2 protein chains.
Amino acid sequence: MRQGRITIEDVASAAGVSRQTVSRVINDSPRVSPAAKARVEQAIAALGYVPSLAARSMGGGRSRLVLAVFEGPPPGARPALPLDRLLLAGTAACRARGYRLMFEQLASGQPAAEGKAQLAATLGAVQPDGMILLPPLGSRADLRALAEARGIAADSLDGPQGAAGNPGEAAAQHLIALGHRQVGFIAGATDPQVSQQNLAGYRRALARSGSRAHRHFAAANAPDLPALLDLAQSWLVPTIRPTAIIAERAQTALAVLHVARTLGLAVPRELSLLALEDDPALMRSQPPVTALHEPTAPLFAAACERLMAARDADGEPADEDAQDGSARAVLALPLMLELVERASLARAPRRA
Amino acid sequence: MRQGRITIEDVASAAGVSRQTVSRVINDSPRVSPAAKARVEQAIAALGYVPSLAARSMGGGRSRLVLAVFEGPPPGARPALPLDRLLLAGTAACRARGYRLMFEQLASGQPAAEGKAQLAATLGAVQPDGMILLPPLGSRADLRALAEARGIAADSLDGPQGAAGNPGEAAAQHLIALGHRQVGFIAGATDPQVSQQNLAGYRRALARSGSRAHRHFAAANAPDLPALLDLAQSWLVPTIRPTAIIAERAQTALAVLHVARTLGLAVPRELSLLALEDDPALMRSQPPVTALHEPTAPLFAAACERLMAARDADGEPADEDAQDGSARAVLALPLMLELVERASLARAPRRA
DNA sequence: GTGAAAGCGCTAACAC
DNA sequence: GTGTTAGCGCTTTCAC
């Protein structure tokens, strides 16, 4: 049993009011006289009172908890999600509104039914006010139903609809719009499925534009550094070479950049570079490399916000973040992608 | 208010017992007749009953929550901690015992008093059963005191004592023990302070051995890829060159490996390579690169275990993880470091 | 072995 | 505006 935990009752008697009034103050209900409010607030500060989450949850039916559900990585592999950033962004967003974030990991290989059972147990135990299905769980209607049955709001990063786009396709389109025909693509995403989709999207975009570059300048697998350098070399040395390259990984883009510089190819004048993953290192390279990626962490924070706002049914959103010098733009339709414009993109040179 | 939430009462009446008996079953207390236990368990399964965390917390004074406290990264920087792995390992460890993990981020630049106040508020609200101070917070006695005052067990990755070692020094010693004199070091850790310490440790070890290599083969800052390749080149081409190189980052080790191969230097026969960070990519390189690092995630999971075991005061530890082919060894004194032995280390060649 | 009673700290619904 | 009364779903303590 907790030691001399100070409760709402202590505050009440210290302030000479009933505990209900104290409750009203901490929930800033409008119907409290300024005088009483002041006394209560002072007592709270003096005693260092903090309301218990568990008690509030029991009493009021609101747990002030948001549950983030994700699919764990297959054993030995790295997670496909930037969990560290999600954790940072999510806890911050929740804190700002007095909520707390909890993560639930569903085993990856697991049959759907098992994951469902596990989630059901967690929802029952934790009783979060809201649940966020992280990719690729956003499409799991069964999990959504689970929440709905319990009166728990569910959301995902794709927004309520689930209209995620294809980064590979968008990137290719963007480059094509800049006049490029010879556009290369180097895969390497953590999740091979994601790579598949990006590659397919890239191919579609190029085919639509009438280019055939995707037959020569598409690398499907994730080579290690030596292979990567060789690959870039083999693409960039010949006269007929890509004028733009899309790299799924930031590291890959950096490696290509290195090769280009070695060969005396000017970036972006003679070669445009676009990464499908953002990373601080892209900012510090020479020149800084532009990235087009799904802004997972911000989307996650936004989802947290949505859930909390829905519960609280009030307006005031939390604070927003600062800038870092790169130009950022969220691409319009058909997808939620962020283009972090730096200095590695240019119109295609006259003769490719 | 939650819909038709099924409670312990529902289970009790379904099983024809008092709710007390149900409580005994879910807490597996010994004093329940097998018959009653069976009926209750069946009712639980039939109804899909899950005890509410909040209610248990209120009733019993145990929240079954573990709080992990970490210092957030400075804005724009990446976290020094492998938060993603911590999240994975921690949630798994806690799950296994029916606990849940929560993270608390203390702003990095923040004055100590503010962080303390924030943590105090969180401890009050969440009332975790245990708290883990992640590096470098493990040394903050004030935060520990906060927990103690509330009867909350505190722990950190260094163990109760705080006897962390110096990976840079240990790595250098290990290589020296293998006969190397010309040992190089390339920094690049996320946290510059960590780099400083590793570098210092490396210098100490070399100085002790009488080598002067640290005057020529120590790179203090984290160069980008091109600079890195140049650096490796400049070290490895001359006749007097390192026979072993320590790299703080896995990526760095890989880059050096590439340069060595380009130059026709056999790894590990002519050049040993040791990374101070582990990464799946090290496993897949040619040859696989050995790593010596603080096994943060396992240590974290162990800390969770310790806290939960202390609370539960029972013996049974949770399941342990599997292997992946690399040989692992936890170095004895004076530090908690894990040597993931792969194939990039050998005794120094006859003439350096 | 089992049950009845009390209480954990809070909020919702009503009084006043 | 403020206080009073009920619970929320569990565990504890103590009877039986």
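Numbered from 1 within each chain, the chains take letters A, B, ... in sequence-line order. This one's a predicted model, so the numbers in the text were calculated from it and none came from an experiment.
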Query raised in the report: Closest to the B:Arg56 side chain: C:dC10, D:dT11, D:dG9?
Result: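 The closest nucleotide is D:dT11.
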Requested in this report: Would you indicate which nucleotide in D:dT11, D:dC10, C:dC10 comes nearest to any side-chain atom of B:Tyr49?
Outcome: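 That would be D:dC10.
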Query raised in the report: What's the spacing between A:Leu67 CG and A:Phe103 CZ if we round to 0.5 Å?
Result: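 A:Leu67 atom CG to A:Phe103 atom CZ measures 9.0 Å (nearest 0.5 Å).
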Anything under 3.5 Å between a protein N or O and an N or O of nucleotides 1-4 of chain C, put it in a table, one pair a line.
{"from": "C:dT2", "atom 1": "OP1", "to": "B:Ser33", "atom 2": "OG", "distance (Å)": "2.7"}
{"from": "C:dT2", "atom 1": "OP2", "to": "B:Ser33", "atom 2": "N", "distance (Å)": "2.7"}
{"from": "C:dT2", "atom 1": "OP2", "to": "B:Ser33", "atom 2": "OG", "distance (Å)": "3.4"}
{"from": "C:dG3", "atom 1": "OP2", "to": "B:Ser18", "atom 2": "N", "distance (Å)": "3.0"}
{"from": "C:dG3", "atom 1": "OP2", "to": "B:Ser18", "atom 2": "OG", "distance (Å)": "3.1"}
{"from": "C:dG3", "atom 1": "OP2", "to": "B:Thr21", "atom 2": "OG1", "distance (Å)": "2.6"}
{"from": "C:dG3", "atom 1": "N7", "to": "B:Arg24", "atom 2": "NH1", "distance (Å)": "3.4"}
{"from": "C:dG3", "atom 1": "O6", "to": "B:Arg24", "atom 2": "NH2", "distance (Å)": "2.6"}
{"from": "C:dA4", "atom 1": "N6", "to": "B:Gln20", "atom 2": "NE2", "distance (Å)": "3.4"}

For residues 117-125 of chain A, run the donor-acceptor check on the side chains, cut-off 3.5 Å, and write out each pair with its distance to 0.1 Å, sequence neighbours left out.
{"from": "A:Gln118", "atom 1": "NE2", "to": "A:Glu104", "atom 2": "OE2", "distance (Å)": "2.9"}
{"from": "A:Gln118", "atom 1": "NE2", "to": "A:Gln105", "atom 2": "O", "distance (Å)": "2.8"}
{"from": "A:Thr122", "atom 1": "OG1", "to": "A:Glu104", "atom 2": "OE1", "distance (Å)": "3.4"}
{"from": "A:Thr122", "atom 1": "OG1", "to": "A:Glu104", "atom 2": "OE2", "distance (Å)": "2.7"}
{"from": "A:Thr122", "atom 1": "OG1", "to": "A:Gln118", "atom 2": "O", "distance (Å)": "3.2"}
{"from": "A:Thr122", "atom 1": "OG1", "to": "B:Arg100", "atom 2": "NH2", "distance (Å)": "3.1"}

side-chain contact (heavy atoms from CB on, under 4.5 Å) against [X], all qualifying residues, sequence neighbours excluded:
{"X": "A:Thr296", "value": "A:Pro82, A:Leu86, A:Leu157, A:Glu294"}
{"X": "A:Ala154", "value": "A:Met131, A:Arg144, A:Ala147"}
{"X": "B:Glu41", "value": "B:Val25, B:Lys37"}
{"X": "A:Arg19", "value": "A:Ile8, A:Glu9, A:Ala12"}

Requested in this report: Look at the side-chain N and O atoms of B:Ser23 and state whether any lies under 4.0 Å from the OP1 or OP2 oxygen of D:dT11.
Outcome: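 Looking at the OP1 and OP2 atoms of D:dT11, one of them is under 4.0 Å from a side-chain N or O of B:Ser23.
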[X] has an atom [atom1]; how far is it from atom [atom2] of [N], in whole Å?
{"X": "B:Arg150", "N": "C:dG9", "atom1": "CZ", "atom2": "C1'", "value": "16 Å"}
{"X": "B:Asp10", "N": "D:dG9", "atom1": "CG", "atom2": "C1'", "value": "11 Å"}
{"X": "B:Leu47", "N": "D:dG9", "atom1": "CG", "atom2": "C1'", "value": "15 Å"}
{"X": "A:Asp129", "N": "C:dT11", "atom1": "CG", "atom2": "C1'", "value": "14 Å"}
{"X": "B:Arg64", "N": "D:dG9", "atom1": "CZ", "atom2": "C1'", "value": "13 Å"}
{"X": "B:Leu65", "N": "D:dC10", "atom1": "CG", "atom2": "C1'", "value": "16 Å"}
{"X": "B:Met58", "N": "C:dG7", "atom1": "CE", "atom2": "P", "value": "13 Å"}
{"X": "A:Arg5", "N": "C:dC10", "atom1": "CZ", "atom2": "P", "value": "6 Å"}

Query raised in the report: Looking at B:Ala68 and B:Leu134, what are the two nearest heavy atoms and their distance?
Result: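 Heavy-atom minimum between the residues: CB-CD2, 4.1 Å.
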